[in-house]
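Quick caveat: nothing in here was measured; it's all calculated off a predicted structure. Hydrogens, waters and symmetry mates play no part in the numbers below; they use all other heavy atoms, side chains included.
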Amino acid sequence: MSAGGDAAGGHEQLAEPPRLVATVMCIALVASAIGSLGAPLITSVATDLHVSLASAQWTLTIALLAGALATPVLGRLGAGPRRRAAVLAVLVSVLAGSVLTVLPLGFGFLLLGRALQGIGLGLTSLMMGTARDHLRGQRSLTTIAQVSVASTIGAGIGYPLAGLVDELAGLHAAYGLGVLTAGAALVMAWRYLPAPPARPAVEVDVLGAVVLGLGLLILLLCISQTALFEHHLTWALGLLAISGALFGLWISLERRADAPLIDLELFRHPAVVAVNATMFVAGIGMYLLLSMITRFVQTPLAAGYGFGASTFVAGLVLVPFSLAGFLTGRLQPRLRTVLDAWAILALSALLVAAGCVLFAFARSSLLECLVAMALLGIGVGTFFSSMPDVILAVTPPAETSSA
């Protein structure tokens, strides 16, 4: 029986655990894979659409920006009765964006499509909230951990697959993977994703969302445009100051709002602060290494370093990252019987650092790069599978998505 009805009540009994687990995992993987789809295709975009490499880079940047802006709003919607509707609406947007990336309408429409795809990056938190509401006991905790890991290993799945299709059938065919996967995720969500338990309607702080969105947008744009600091330092510092002022205004608005976009009291809890700070630092190391290694192995031998690998081979370098992350996430419950969550988080940070150090000092062969990626995958898988335990221990069930 489909769990796609509109009534909120009774859905906890209707939700079938195996199908629900498969659905939330599929949506998390699809969102992550599509969000990272631009990375292996940057060079092809520059060549085929006759734009600079810096402009082509925006096919990845704009998706990440859209995800960063959409996530707080989606997290708030996930705390209320409209979570299922929000998931379906986002997947429709992702599917529409995927179609735009396939059609040969020019670079502008490609960027618009990638922005719509990037909104899907906010679905991970909604999948965690769904798992906590409709699964019980260890199954709930395990699924949430796997969803967390899936949000990172999706890149390791999408990258080599997109590279292979690009080499065999061209740029737009590679982007066509987004249409197929987004369509499959939408069908699964429509058929098997239950509505949340009966809860009071949650208002979305529109003003807070706009102010936070502007602050994030200015900050991330400023960070991504390094040329601003090189040639227009005054402008760059001014934009950073404006971003800081907007964040200050947002905090003031949230403290006075009846229905804040983010529960700042929960956000200030020592456990949540520590996990977010650790995640921020580990995330920087993860994305730096992912970016550096894939670029490094594709660098032509004539440059004096690199291996001159194809896009597909560069994507295969990420397979140890995804495989190690997935296996580590699966082993997390056993690891929890030996170490507490905080010890696991510390260990994961050390593993991420070890992967970075290995690449810094040993990269003369492709094997060394593969080992560095495996270490990174173990560290990331360990961290992302353990992180929800710490946060959920101090989070009310209704606030799971937002937290």
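- In terms of modelled atom types and a separation under 3.5 Å, the side chain of Thr101 and the main chain of Ser98 share a donor-acceptor contact.
- Scanning all heavy atoms of the two residues, the minimum distance from Cys222 to Leu239 falls at SG-CB, 4.2 Å.
- In this structure, NE2 on His50 lies 13.5 Å from OG on Ser55, to the nearest 0.5 angstrom.
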Trace of the side-chain contact (heavy atoms from CB on, under 4.5 Å) decision for Leu116 with Val94: CA-CA 5 Å; Leu116 290 172; Val94 172; over 6 Å; no
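- Rounded to the nearest 0.5 angstrom, Ser243 OG and Ile218 CD1 are separated by 6.0 Å.
- Take Ser365 and apply the side chain to side chain donor-acceptor pair (under 3.5 Å) test, not counting sequence neighbours, and it matches no residue.
- Taking all atoms of both residues into account, the shortest heavy-atom contact from Leu20 to Pro194 is CD1-CD, 3.4 Å.
- Distance check: Leu123 CG to Thr71 OG1 gives 8.5 Å after rounding to the nearest 0.5 Å.
- Proximity of a side-chain donor or acceptor of Ser32 to a complementary backbone N or O of Ala28 within less than 3.5 Å is not detected.
- Panel note: side chain Arg84, backbone Trp190; a donor-acceptor pair is recorded below 3.5 Å.
- For Ser348 (side chain) and Leu345 (main-chain N/O), a donor-acceptor pair under 3.5 Å exists by modelled atom type.
- In this structure, Val317 and Leu370 approach most closely via the heavy-atom pair CA-CD2, 3.8 Å.
- Open room surrounds CZ on Phe109; 12 or fewer heavy atoms of other groups in view lie less than 6.0 Å from it.
- Taking 4.5 Å as the limit, every side-chain heavy atom of Leu100 sits out of range of all side-chain heavy atoms of Leu110.
- Rounding to the nearest 0.5 angstrom, the gap separating the CD1 atom in Ile344 from the CG atom in Leu351 is 11.5 Å.
- In this structure, Arg363 CZ and Ile293 CD1 are separated by 10.0 Å, a value rounded to the nearest 0.5 Å.
- Using a 4.5 Å heavy-atom cutoff, the side chains of Val297 and Val313 are not in contact.
- Counting only residues at least two apart or on different chains, the ring-ring contact (aromatic ring centres under 6.0 Å, His included) pairs with a member in residues 345-382 are Phe296-Phe359.
- A donor-acceptor pair is defined here as one N or O able to donate and one able to accept, closer than 3.5 Å; such a pair exists between the side chain of Thr23 and the backbone of Arg19.
- With Arg114 contributing its side chain and Ile62 its backbone, the two residues share no donor-acceptor pair below 3.5 Å.
- When side chains are defined from C-beta on, Leu212 counts as touching Phe247, because their heavy atoms get closer than 4.5 Å.
- For the pair Leu65/Trp58, a side-chain contact is recorded, criterion being any heavy-atom separation below 4.5 Å from C-beta on.
- Here the side chain of Ser93 pairs a donor or acceptor atom with the backbone of Ala89 at under 3.5 angstrom.
- Taking all atoms of both residues into account, the shortest heavy-atom contact from Gly213 to Leu69 is O-CD2, 3.1 Å.
- Side-chain atoms of Arg83 and Thr130, non-hydrogen and from C-beta on, do get closer than 4.5 Å to each other.
- A distance of 9.0 Å separates CG in Leu207 from CD in Glu254, rounded to the nearest 0.5 Å.
- A donor-acceptor distance shorter than 3.5 angstrom exists from the side chain of Thr59 to the backbone of Ala56, with no hydrogens or angles considered.
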Without placing hydrogens or testing angles, list every side-chain donor-acceptor pair under 3.5 Å for residues 179-186, not counting sequence neighbours.
| from | atom 1 | to | atom 2 | distance (Å) |
| --- | --- | --- | --- | --- |
| Thr181 | OG1 | Leu177 | O | 2.9 |
| Thr181 | OG1 | Gly178 | O | 3.3 |

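- The shortest side-chain heavy-atom distance between Val45 and Tyr175 falls under the 4.5 Å cut-off.
- Scanning all heavy atoms of the two residues, the minimum distance from Val90 to Gly120 falls at CG1-CA, 3.7 Å.
- Contact record, Ile42 with Gln57: CD1-OE1, 3.3 Å, taken as the closest heavy-atom pair.
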